[in-house]
There are 4 protein chains.
Amino acid sequence: MEYNEKHIKIIEAAEKLFSDNGFNGTSVRDIAEAADVNLAMISYYFGSKDNLLVAIFKYRGENTRQLVSEMIENKELSPLEKFYTLIDFYIDKFQNQQCFHRVMAREQIIHTHGPVATAILSVKKTNMELIKQLVQEGQRKKQFKKEIDISLMMNTLFGTVNHLYTTKHYYKELNNLQSLSDEQFEKQLRKKLSVYLKTLFKAILTYED
Amino acid sequence: MEYNEKHIKIIEAAEKLFSDNGFNGTSVRDIAEAADVNLAMISYYFGSKDNLLVAIFKYRGENTRQLVSEMIENKELSPLEKFYTLIDFYIDKFQNQQCFHRVMAREQIIHTHGPVATAILSVKKTNMELIKQLVQEGQRKKQFKKEIDISLMMNTLFGTVNHLYTTKHYYKELNNLQSLSDEQFEKQLRKKLSVYLKTLFKAILTYED
Amino acid sequence: MEYNEKHIKIIEAAEKLFSDNGFNGTSVRDIAEAADVNLAMISYYFGSKDNLLVAIFKYRGENTRQLVSEMIENKELSPLEKFYTLIDFYIDKFQNQQCFHRVMAREQIIHTHGPVATAILSVKKTNMELIKQLVQEGQRKKQFKKEIDISLMMNTLFGTVNHLYTTKHYYKELNNLQSLSDEQFEKQLRKKLSVYLKTLFKAILTYED
Amino acid sequence: MEYNEKHIKIIEAAEKLFSDNGFNGTSVRDIAEAADVNLAMISYYFGSKDNLLVAIFKYRGENTRQLVSEMIENKELSPLEKFYTLIDFYIDKFQNQQCFHRVMAREQIIHTHGPVATAILSVKKTNMELIKQLVQEGQRKKQFKKEIDISLMMNTLFGTVNHLYTTKHYYKELNNLQSLSDEQFEKQLRKKLSVYLKTLFKAILTYED
DNA sequence: AATGAATGAGTCTTCATTCAT
DNA sequence: GATGAATGAAGACTCATTCAT
């Protein structure tokens, strides 16, 4: 599917609004205003509001595979180094596409079937596949433990990052960081999280010493 | 606040519907029908649909503290044993109150301020406080590491459990477990998750050998 | 009809609220709260909200007749002096019972039939009768003109006072009297209106010189 | 603001219904039915029921100024003749737009602030200004008294006409004119009122002989 | 290809009143 | 006599979508 400029304008406006007010809390009218396009154009371009949601997942799902794929095939890095790179990649992704991940975090809960679920599953399958590949490489090279539940491990990776970024307002409050500017806070969070996850996954994946 | 039988009937009906269709995807009419009460009674009892959501959080938040508190004060368990008990407690909680946690998982994302956020924050504060207490006990007894980021660690605990239970339909699909009955699946998941998290948190908290 | 203390409390609370927000803009619940009585008591005492409105007119209509009647029968005053007294009496009445007159001014417009109209008509008949008597006395004594349209003249009397008091907020604005305190304004208005109406009705009623 | 055919259809239907049943006594559904338009169209066109009320005042307020203005600038009439014309103009206006004036009579009482009050005040200001101009012309030409309280005088003019037309059902009753057809009654009323007011205002404005 | 106008269905909430106690 | 709890009906408004142009 090719998205032209206006498609993208609508998608990004919708993403922001869905992120702030939820899918059902956002009206097509709101989106049209935010994207500065005619109201009827949204139905015209996407068919329906539901379809627009699916389009968001497709739009955001497209890029990931290639980026991660290239990184994994890099021959100069050890599996653990690759995993560290992967962690930073996902942290960056969540940080830079917070709106999208907020939308996804919410919608994946209620969509168990149907086109939205299919689009989400496709994103998840890609991630699963790439990470599996990486873990297996580490295992082949005897640098990663043999017994690793990849699915649960991924749950920890995405669960932690996702939970942290989608509820960062509570994190801020609980840790009395209200005085920090958003920028400072995000920078600090990024750093701490990166170190934390690397330590954590080193423990999960490798034979510690 | 005291909730009578009808309050609870409404709360539980709402919880289920919010869980399945989202807050905005559920009409007060739907709730009234599911709870088998008069439509006007919901406004009469709770004032508004928003208030009903807050009531759900208050209702579910009330019990936790005492249960966890008692467990933590138990003198016969070591800190690590207590943490293991805590893990199982939360796994059970998520498993038994999946509807509630689905609602909470969704609502905590968009409510950054206001009464809903306040109710959620209160639940989170309680959890934070209790776990902090427990970790500090372990540290005092030199059984837990000195440098533990409690907040991030909790993110891993709740993030993992939360993500797994709220998106278990994807987990099932990604691991090709569609053939399992829901009961079998849940039982197996519970078991695997428990072992996984205990191993994980042992690594996070203690000086491994 | 005898009104007890609670009846009167309700009537006066209703009168104030109807005056501020209109009959349909006031809920029985509002009245119950303002009167500090149980909600059901209003139906219990008055039967219905409509009946309460009728009760207001009956309650306020009762006193007028006797007061005016006595004044008119006073043998020491000339007809014109009596009319002057009457003018001040009505000005005082409108000033002291502004809420009631606001309600009446509004309700008399839409109630052309039915119990409310009947109650209002009864008040009007009383006034008409008394004033007619007074004018005829003046005519008998050759102090008032023979050709006086009493009905239109009363329209001028009540129309002027009524219009002025029910829309005094516009009068204030139009005459740039916003700086005056309510008290100062009312005092000044009362005075000016009294002089104005006496001059006016002297011209209408008597043979000027 | 430009009103198209449908706007006007809605405005006029609303005006009639507000006149008969009051603003709060009329539902948007009633208006939609009377105007034979879709229910949602009223919100679509006017935004809200309150806005529709404001639109009524704006719609009816637009024409007056020009008509009166032209008449006042007419060089062939004496000030008193102009005033007589003005009286007939307002009588006609009240007679022909009884619904509107009923609505205005009711709403000006409770709206002391806000957009409705602003729209009403604007109508009143226009009238005030035009009449002031006319009276001052009469004073300059030494045909009107020097000491005239224009504001109170206008209260008498509008108060009388307004009171008479908005409560004409009581006038009919009090004067035992129930046997007259509406047409006959209105014709007769118009005539009597015109004569009455001209006599009255001649007395108020000019040096009588 | 793009859109202004329009709409049927549905939203949450409030209402005056009732009735068992 | 007095009332807390309850409700059927109705309220104003918003929604996603359509369709003639």
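In what follows, every chain begins at residue 1, and chains take the letters A, B, ... in the order their sequences are listed.
The nearest whole Å value for the distance from the CG atom in A/Asp50 to the C1' atom in F/dA16 is 10 Å. The CZ-C1' distance, from D/Phe18 to F/dA12, rounds to 12 Å in whole Å. The interatomic distance linking C/Phe23 (CZ) with E/dC15 (P) rounds to 13 Å, in whole Å. Counting to the nearest Å, the C1' atom of F/dA10 and the CZ atom of B/Arg29 are 11 Å from each other. Distance CD1 (B/Ile42) to P (F/dA5): 17 Å, rounded to an integer number of Å. The interatomic distance linking C/Leu17 (CG) with E/dC15 (P) rounds to 12 Å, in whole Å. When rounded to the nearest whole Å, the span between CG of D/Leu53 and P of F/dC13 equals 12 Å. In this structure, B/Ile31 places its CD1 atom 15 Å from C1' of E/dG10, rounding to the nearest Å.
No salt bridge links D/Arg102 with D/Glu15; every basic N to acidic carboxylate O contact stays at or beyond 4.0 Å.
Under the 6.0 Å cut-off for aromatic ring centres, A/Tyr45 and A/His7 qualify, their centroids lying closer than that.
D/Lys6 comes within 4.0 angstrom of sugar-phosphate atoms only, judged by non-hydrogen atoms across all strands, and of no base.
The shortest distance between the side-chain N/O atoms of A/Tyr44 and the OP1/OP2 oxygens of E/dA1 is below 4.0 Å. Between A/Ser43 and F/dA16 there is no side-chain N or O to OP1 or OP2 distance below 4.0 Å.
Taking all atoms of both residues into account, the shortest heavy-atom contact from C/Ala105 to D/Ile109 is CB-CD1, 3.6 Å. Nearest heavy atom pair, residue B/Leu52 against residue B/Ala14, reads CD2-CB, 3.8 Å.
The side chain of C/Ser48 lies closest to E/dT17, out of E/dT17, F/dT14, E/dA1. Picking from E/dA2, E/dT11, E/dG4 the nucleotide with the shortest atom distance to the side chain of A/Ala40 gives E/dG4. Closest approach to the B/Leu39 side chain among E/dT13, E/dA16, F/dC13 is made by E/dT13 (side chain taken as heavy atoms from C-beta onward). Checking F/dA2, E/dT7, F/dA16 against every side-chain atom of C/Tyr45, the shortest atom distance belongs to F/dA2. In this structure, of E/dT13, F/dA16, E/dC15, it is E/dT13 that holds the atom nearest to the side chain of B/Lys49. Distances from the side chain of D/Ser27 to the nucleotides F/dC15, F/dA12, E/dA6 place F/dA12 closest.
For the atom pair CD of D/Gln108 and NE2 of D/His101, the computed distance is 9.5 Å after rounding to the nearest 0.5 Å.
Each of A/Asn38 and C/Gly47 lies near DNA chain E, and the nucleotide nearest A/Asn38 is the one positioned closer to the 5' end. If D/Asp30 and B/Met41 are placed on DNA chain F by their nearest nucleotide, the residue sitting closer to the 5' end is B/Met41. Nearest-nucleotide positions on DNA chain E place D/Val37 closer to the 5' end than the other of C/Asn24 and D/Val37.
Base pairing of F/dA20: its partner is E/dT3, meeting the Watson-Crick or G-U wobble criterion (both donor-acceptor distances under 3.5 Å).
Side-chain contact between B/Glu12 and B/Tyr59 is present, with at least one heavy-atom pair separated by less than 4.5 Å.
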